[in-house]
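What follows is a set of notes on a single structure, which appears directly below.
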Amino acid sequence: MIIILKRNASPSKVEELKKNLVNRGFKLHLSEGTEASLIGLIGDTSSMHEDWLRALDVVEDVRRIREPYKKANRSMHPEDTVIDVCGRKIGGGNFQVIAGPCSIETEEQITEVAEDVKASGAHLLRGGAFKPRTSPYAFQGLHEQGLDLLLKAKKATGLPVVTEIMSTEHLPLFEDVDVIQVGARNMQNFELLKELGRLDKPILLKRGLANTLDELLMSAEYIMAGGNEKVILCERGIRTFETSTRNTLDISAVPMLKQKTHLPVIIDPSHAAGIRFMVEPLSMAAIAAGADGLMIEVHNNPEKALCDGAQSLTPQMFDTLMKKINKTTEFFRELNA
């Protein structure tokens, strides 16, 4: 349930209302916007009568939320959430590109790629240290050593880093990681999500291979219910009957998620298709659809990459793409102004 407060509501009466609601056993989600101030009620509101609330001097209107996700719901938070990652803002009209290799292989490789993507205009560095793979015989990352190398690249370039976590046991290793990524296979690892909800750190949550948007938002709700509201959603393609591409990019997820939630939404065009030449057109489509950012795989020698070389761009390809991304984002910014 959402309580919409009047613009001229008495602060003392609003505080009195809040105390009354807390005493009734509700948790409150407060949202101060330019158009209106809201109080979201979290709990069993079935016995709460709207007429009683509407009769109060400070209340403009009362609405019930039918969706099971509350904190992630745009109704509870009409304005876009902006996630600040070391001064790089994502959401609310702020567009960011996250780039780097699928897997961290050597110090020279990750540092070289980091320097290249930074020179081309990327503002965050991605790199996998723990890699969930379909085959148990595939390269699964350098683990702790990979994290150390990623942090060295961060120190060398100043780029905030994004990397994937696979287990709650690894949380102590991620203390210096700027954005923790939850991969598609762990989107419904609820125990992991609950632990991430206790952190004060941005979480990049990827949509599962066969999950609905509401299921993605319920996974975000697990994190937010724990107190961490710094969640970035990522559409990375879903499994369909199509075999021409690795996955099928659900571009419609961007406007639909924008309607449903206030959280930032980014696109991973590399995993979506799994094919290098498709990264550029899918990136352009993501910008046109209103995405808040892109996550792109870049490798200094894709043919010898230990993981996902077929979808990785070379630094030169990425530089060319970044020029197009900058022009396209500027065009749509002016178009929507």
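Quick note: residue numbers are just sequence positions, from 1.
Between the side chain of E15 and the main chain of L17, no donor-acceptor pair closer than 3.5 Å is present.
Applying the salt bridge (Lys or Arg N to Asp or Glu O under 4.0 Å) test to residues at least two apart or on different chains, the pairs with a partner in residues 209-225 are D214-K260. Residue pairs that meet the ring-ring contact (aromatic ring centres under 6.0 Å, His included) test with at least one member in residues 23-72, sequence neighbours left out, do not exist here. Residue pairs meeting the salt bridge (Lys or Arg N to Asp or Glu O under 4.0 Å) criterion with at least one member in residues 272-295, sequence neighbours excluded: K258-D292, E280-K324.
Among all heavy-atom pairs drawn from S283 and L321, the shortest one is OG-CD2, 4.2 Å.
Among residues two or more places apart in sequence or in another chain, the side chain to side chain contact (heavy atoms under 4.5 Å, CB included) test is passed with T157 by A114, E115, K118, L159. Residues passing the side-chain hydrogen bond (donor to acceptor under 3.5 Å, both in side chains) test with E60: none are found, sequence neighbours excluded. N326 is linked by a side chain to side chain contact (heavy atoms under 4.5 Å, CB included) to M322, counting only residues two or more places apart in sequence or in another chain. A search for side-chain hydrogen bond (donor to acceptor under 3.5 Å, both in side chains) contacts involving R198 returns E195, not counting sequence neighbours. Looking at residues two or more places apart in sequence or on another chain, you find no side-chain hydrogen bond (donor to acceptor under 3.5 Å, both in side chains) involving T111. Applying the ring pair (Phe, Tyr, Trp, His ring centres under 6.0 Å) test to F331 and every residue at least two apart in sequence or in another chain returns nothing. S312 pairs by the side chain to side chain contact (heavy atoms under 4.5 Å, CB included) definition with E297, H299, P302, not counting sequence neighbours. Applying the side chain to side chain contact (heavy atoms under 4.5 Å, CB included) test to E330 and every residue at least two apart in sequence or in another chain returns R333, E334. Checked against side-chain hydrogen bond (donor to acceptor under 3.5 Å, both in side chains), T245 has no partners two or more places apart in sequence or in another chain.
Between the side chains of H77 and S31, no donor-acceptor pair of N or O atoms lies under 3.5 Å. Checked by atom type, the side-chain pair T240/E242 shows no donor-acceptor distance below 3.5 Å. Between the side chains of R74 and Q259, no donor-acceptor pair of N or O atoms lies under 3.5 Å.
Ion pair R126/E164 not flagged as a salt bridge, since none of the NZ, NE, NH1 or NH2 atoms sits closer than 4.0 Å to an Asp/Glu carboxylate oxygen.
Annotation: M284, atom CE; neighbour count of heavy atoms from other residues, nucleotides and ligands within 6.0 Å is above 12.
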